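Quantities reported herein were computed from a predicted structural model and do not represent experimental measurements.
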Amino acid sequence: MFFTGSQDGVINCWILETGERLGNYKTSGAVKTLDLTDNSEYLISGSLEGTVDLFQVNGGVNIGNIKADERKARWVELSIGD
């Protein structure tokens, strides 16, 4: 799988081998950064509006989000071992 984020707040999930789009995830703002757990179970994204969103990859369920103090989320990264 391959994930792309955009300014319209959508993250797309693609199959690398075929180029087929599997689906998308709607975030709280323009996507600046994203990361995936080692087992591809969860996806986390950071927006230019300062929001961090957490999704279950399978099914696209938005588990929740955190809003920062009007600061841009410049980088999100999960620790080794998630």
Side-chain angles (χ1 to χ4, degrees):
M1 291 185 292
F2 182 75
F3 293 85
T4 59
S6 63
Q7 284 190 333
D8 65 358
V10 175
I11 297 172
N12 287 296
C13 178
W14 307 86
I15 298 176
L16 277 176
E17 292 83 9
T18 64
E20 176 186 358
R21 186 172 63 99
L22 288 176
N24 58 36
Y25 308 83
K26 181 66 179 153
T27 68
S28 300
V31 179
K32 172 72 176 169
T33 180
L34 56 90
D35 198 9
L36 189 67
T37 56
D38 289 340
N39 63 1
S40 300
E41 186 174 353
Y42 298 103
L43 171 69
I44 189 170
S45 70
S47 77
L48 292 174
E49 289 77 15
T51 305
V52 175
D53 290 288
L54 180 64
F55 297 90
Q56 281 184 319
V57 171
N58 189 8
V61 176
N62 187 324
I63 296 172
N65 59 44
I66 300 168
K67 177 71 172 155
D69 298 328
E70 302 300 322
R71 297 181 186 178
K72 297 177 183 177
R74 297 183 189 277
W75 192 270
V76 293
E77 184 176 21
L78 298 165
S79 64
I80 295 174
D82 302 330

- Apart from Val10 itself, what residues make up its hydrophobic cluster, given side-chain heavy atom links below 4.5 Å? none
- Test ring-ring contact (aromatic ring centres under 6.0 Å, His included) applied to Phe3 - qualifying residues, sequence neighbours left out: none
- Sort and list the pairs that fulfil side chain to side chain donor-acceptor pair (under 3.5 Å) and have at least one residue in residues 3-16, not counting sequence neighbours. Thr4-Trp14, Ser6-Asp8, Asn12-Arg21
- Qualifying side chain to side chain donor-acceptor pair (under 3.5 Å) pairs with a residue from residues 54-63, counting only residues at least two apart or across chains: none
- Any pair with a residue in residues 35-55 that passes ring-ring contact (aromatic ring centres under 6.0 Å, His included), sequence neighbours left out, goes on the list, sorted by first then second residue, please. Tyr25-Phe55
- Query: Could you state the interatomic distance from OG1 (Thr37) to CG (Leu54), rounded to the nearest 0.5 Å?
  - Reply: 9.0 Å
Cluster overlap [X] with [Y], hydrophobic side-chain contacts below 4.5 Å:
X: Val31; Y: Met1; result: yes
X: Ile66; Y: Val76; result: no
X: Leu22; Y: Leu36; result: yes

- Message: Under the rule for side chain to side chain contact (heavy atoms under 4.5 Å, CB included), what residues qualify as partners of Ser28, not counting sequence neighbours?
- Response: Thr51, Asp53, Asn65
- Can you name the side chain to side chain contact (heavy atoms under 4.5 Å, CB included) partners of Glu17, sequence neighbours left out? Ile15
- Query: Are any side-chain N or O atoms of Lys67 and backbone N or O atoms of Glu49, one a donor and one an acceptor, separated by less than 3.5 Å?
  - Reply: yes
- Shortest non-hydrogen contact from Ile11 to Ser45? CD1-CB, 3.5 Å
